[in-house]
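Only one structure is covered here, and it is reproduced in the block below.
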Protein chains: 2
Amino acid sequence: MPGTVQSIERAAAILRMLAGGTGRLGLGEIARSLDLAKGTTHGILRTLQGVGFVEQDKASGHYQLGAALLHLGTSYLDINELRSRSINWADPLAARSGEAVRIGTVLEGRVLVVHHVFRPDDTFQTLDIGALLPLHATALGKVLLAYRSAGLPEELEQFTRRTVVERRELALALDEVRAAGWAAEIEELTLGQAAIAAPIRSHGGLVVGAIGISGLVERICDTRYRPHPRLVGYVREAARAVSRDLGAARH
Amino acid sequence: MPGTVQSIERAAAILRMLAGGTGRLGLGEIARSLDLAKGTTHGILRTLQGVGFVEQDKASGHYQLGAALLHLGTSYLDINELRSRSINWADPLAARSGEAVRIGTVLEGRVLVVHHVFRPDDTFQTLDIGALLPLHATALGKVLLAYRSAGLPEELEQFTRRTVVERRELALALDEVRAAGWAAEIEELTLGQAAIAAPIRSHGGLVVGAIGISGLVERICDTRYRPHPRLVGYVREAARAVSRDLGAARH
DNA sequence: GAACGTCGTTCGGCATTGTCGAACGTCTGA
DNA sequence: TCAGACGTTCGACAATGCCGAACGACGTTC
């Protein structure tokens with residue numbers, strides 16, 4: 001990739017670093033991690049501060065992400081076609097299934113949640129729009145993995161006893177996903193939780209996202225520990241509906 | 001402000017432009033608006049694309065915001081202390097008042113909504129976390145204006161017949177806000193809607209944000225078209241509680 | 001209490017880096 | 001078929017941003 005702007009790449013690396021850490025970071029810490037001179041790092045940070053992408057804690061001098069990024073992030077949501085086409089179908093799916101609905105895309109080897117509808121009946125839930133989930137341990141992620149050209153992830157992190165950590169085993173599971181047209185995940189990320197997902201296709205059949213439901217195992221699965229066919233049907237219908245909308249969107 | 005990095009400022013300007021417009025923008029359009037050479041603009045956009053901040057529609061060649069920004073935006077929410085301290089108090093306020101709750105800060109002459117709790121009982125509402133609202137036509141904004149050092153906005157856009165567009169009139173209203181310790185807004189942004197807000201203070205009494213409720217005029221106001229004292233009390237109590245949390249947060 | 005370490009910040013000199021403008025291939029509409 | 005606009009590439013120049021050293025302030029340690 002010729003002719004990329006060095007300082008912008010460095011600025012982006014700083015922002016990603018600030019997003020990854022748990023909170024504020026010091027100038028020296030950032031400069032050391034990215035192997036930059038302190039002066040250079042300071043100039044970039046000052047500029048990022050000027051445009052509102054980072055803020056500085058006056059007391060400690062440490063830096064953190066800035067408020068302008070929040071608006072950019074939600075502006076992305078407004079633009080995103082996958083999300084806008086999905087919204088009309090996510091609410092009915094949540095109502096019919098009685099479970100929380102999430103829609104995701106791939107971002108840097110993870111699942112980025114671009115829409116989230118809470119479980120209808122329920123109490124307080126945390127909104128995880130913008131969250132990054134592992135590809136190999138979620139139903140959404142398995143769908144996205146199954147239909148993408150890039151290979152499997154190198155490292156498969158283990159979250160529970162049931163997480164698939166063998167690449168061979170994962171490859172077989174993805175074959176099944178492709179054959180069946182949908183994916184399930186049962187206690188592979190969080191104990192007691194299960195999920196079902198199906199692919200969202202754009203024009204030409206390219207898979208651009210996934211839609212799915214997630215909830216307690218005893219509600220998602222039947223007595224034989226298999227996903228309820230009724231719920232699978234709901235999810236697949238919703239996925240097809242969104243795909244139809246997306247395909248028809250472009251002329 | 002000496003020593004700011006030119007290319008980063010230009011990249012930020014492009015991102016803001018993409019966020020402001022309704023959707024995709026062409027390269028020429030961007031280059032013309034920012035008065036840059038097409039080649040220069042292309043280099044910046046290519047870099048932003050490389051880091052995931054913008055995406056390109058392969059069909060039309062137009063550019064739009066990228067998915068990585070969504071994650072950065074929500075990461076900002078996770079870090080933001082104003083928000084994290086507010087969450088525990090926003091839910092009870094929504095429950096007691098029966099109205100939607102929002103928390104905001106100032107960003108570039110507007111109110112940035114950093115937290116939003118839906119009205120308890122109600123049907124579908126759109127989440128406006130990350131939205132930018134006018135300072136002079138919202139209760140949150142009036143509170144933030146009243147306690148900030150910077151002057152009044154130059155232009156006061158008119159949204160309804162009741163919007164305050166005279167700077168003198170606004171200054172008087174802000175005097176009242178400072179005297180009373182809370183602000184109201186009645187059909188000044190949207191017909192039929194009203195809101196109440198109070199300041200959130202950090203250590204030293206500095207106002208860093210505002211919390212408030214908003215809903216239909218007939219629920220927020222009494223028969224004399226004045227905010228219910230009961231609701232005002234709830235909002236002010238919540239604001240004080242958050243302020244206490246914030247002040248006690250630092251040692 | 002003084003010396004040390006580390007922090008964020010500033011500054012000048014050098015050359016790396018990004019900018020510019022022109023030219024290219026492609027596509028849409030006239 | 002031509003004209004215009006589009007996104008993209010490339011080479012040359014010099015402006016630009018990078019580096020490293022030095023600064024003042026703060027907190028810690030002996």
Side-chain angles (χ1 to χ4, degrees), chain A residues 1-18 21-66 79 81 203-204 249-251, chain B residues 1-18 21-66 79 203-204 250-251:
Chain A
M1 200 177 293
T4 76
V5 181
Q6 185 187 56
S7 51
I8 294 177
E9 284 186 333
R10 289 174 169 178
I14 290 178
L15 291 177
R16 254 198 297 266
M17 194 177 166
L18 288 172
T22 53
R24 288 175 263 269
L25 289 177
L27 170 63
E29 213 171 340
I30 298 171
R32 218 173 303 119
S33 292
L34 299 178
D35 208 26
L36 294 175
K38 266 200 301 183
T40 306
T41 310
H42 181 67
I44 296 174
L45 279 168
R46 179 171 40 199
T47 309
L48 288 173
Q49 186 178 7
V51 298
F53 288 6
V54 309
E55 296 167 359
Q56 185 174 26
D57 185 43
K58 279 297 166 200
S60 66
H62 285 194
Y63 292 92
Q64 59 179 333
L65 294 181
I79 312 273
E81 201 172 354
H203 30 266
R250 311 275 173 87
H251 36 265
Chain B
M1 199 176 295
T4 76
V5 181
Q6 184 187 59
S7 51
I8 295 177
E9 284 186 332
R10 289 174 169 177
I14 290 177
L15 291 177
R16 254 198 297 267
M17 193 176 166
L18 289 172
T22 53
R24 288 176 262 270
L25 289 177
L27 171 62
E29 214 171 340
I30 298 171
R32 218 172 303 120
S33 291
L34 299 178
D35 208 26
L36 295 174
K38 265 200 301 184
T40 305
T41 310
H42 180 66
I44 296 174
L45 279 168
R46 180 170 41 198
T47 308
L48 288 174
Q49 186 178 8
V51 298
F53 288 6
V54 309
E55 295 167 0
Q56 185 175 27
D57 185 42
K58 278 299 168 200
S60 66
H62 285 194
Y63 292 93
Q64 60 180 332
L65 293 181
I79 311 276
H203 30 266
R250 311 274 173 87
H251 37 267

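Numbered from 1 within each chain, the chains take letters A, B, ... in sequence-line order.
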Atom [atom1] of [X] and atom [atom2] of [Y]: how far apart are they, to the nearest 0.5 Å?
X	Y	atom1	atom2	value
B/L25	B/D57	CG	CG	12.5 Å
A/R46	B/I8	CZ	CD1	11.0 Å
B/L65	B/R24	CG	CZ	11.5 Å
B/R16	B/L34	CZ	CG	10.0 Å
B/L18	B/E29	CG	CD	10.0 Å

Legend entry - side chain to side chain contact (heavy atoms under 4.5 Å, CB included) involving B/T41 - partner list, sequence neighbours excluded: B/I14, B/L27, B/I30, B/A31, B/L36, B/L45
Legend entry - side chain to side chain contact (heavy atoms under 4.5 Å, CB included) partners for A/Q49, two or more places apart: A/V54, A/Q56, A/Y63
Tell me whether the OP1 or OP2 atom of [N] has a side-chain N or O from [X] closer than 4.0 Å.
X	N	value
A/H42	C/dG8	no
B/R32	D/dC6	yes
B/Q56	D/dC6	no
B/Y63	D/dC6	no

Rounded to whole angstrom units, what separation is found between the [atom1] atom of [X] and the [atom2] atom of [N]?
X	N	atom1	atom2	value
B/H62	D/dT8	NE2	C1'	14 Å
A/L27	D/dA25	CG	P	18 Å
B/L45	D/dT8	CG	C1'	12 Å
B/R46	D/dT8	CZ	C1'	8 Å

Check nucleotides 19-23 of chain C for protein N or O atoms closer than 3.5 Å to its own N or O atoms and list the pairs.
residue : atom : partner : partner atom : Å
C/dT19  : O5'  : B/R10   : NH1          : 3.3
C/dC20  : OP2  : B/T40   : OG1          : 2.6

Inset, instruction - Assign each of A/I8 and A/G28 to its nearest nucleotide of DNA chain C by heavy atoms, then name whichever residue's nucleotide is nearer the 5' end. - result: A/G28
Inset, instruction - Using five pairs at either end of the helix from C/dG1-D/dC30 to C/dA15-D/dT16, determine the angle between the two local helix axes and round it to 10 degrees. - result: 10°
Legend entry - Which atom of A/S33 lies closest to which atom of A/M17, heavy atoms considered: OG-CE, 3.1 Å
Inset, instruction - Report the residues that fulfil salt bridge (charged side-chain N to carboxylate O under 4.0 Å, His left out) with B/R10, sequence neighbours left out, ordered by chain and then residue number. - result: none
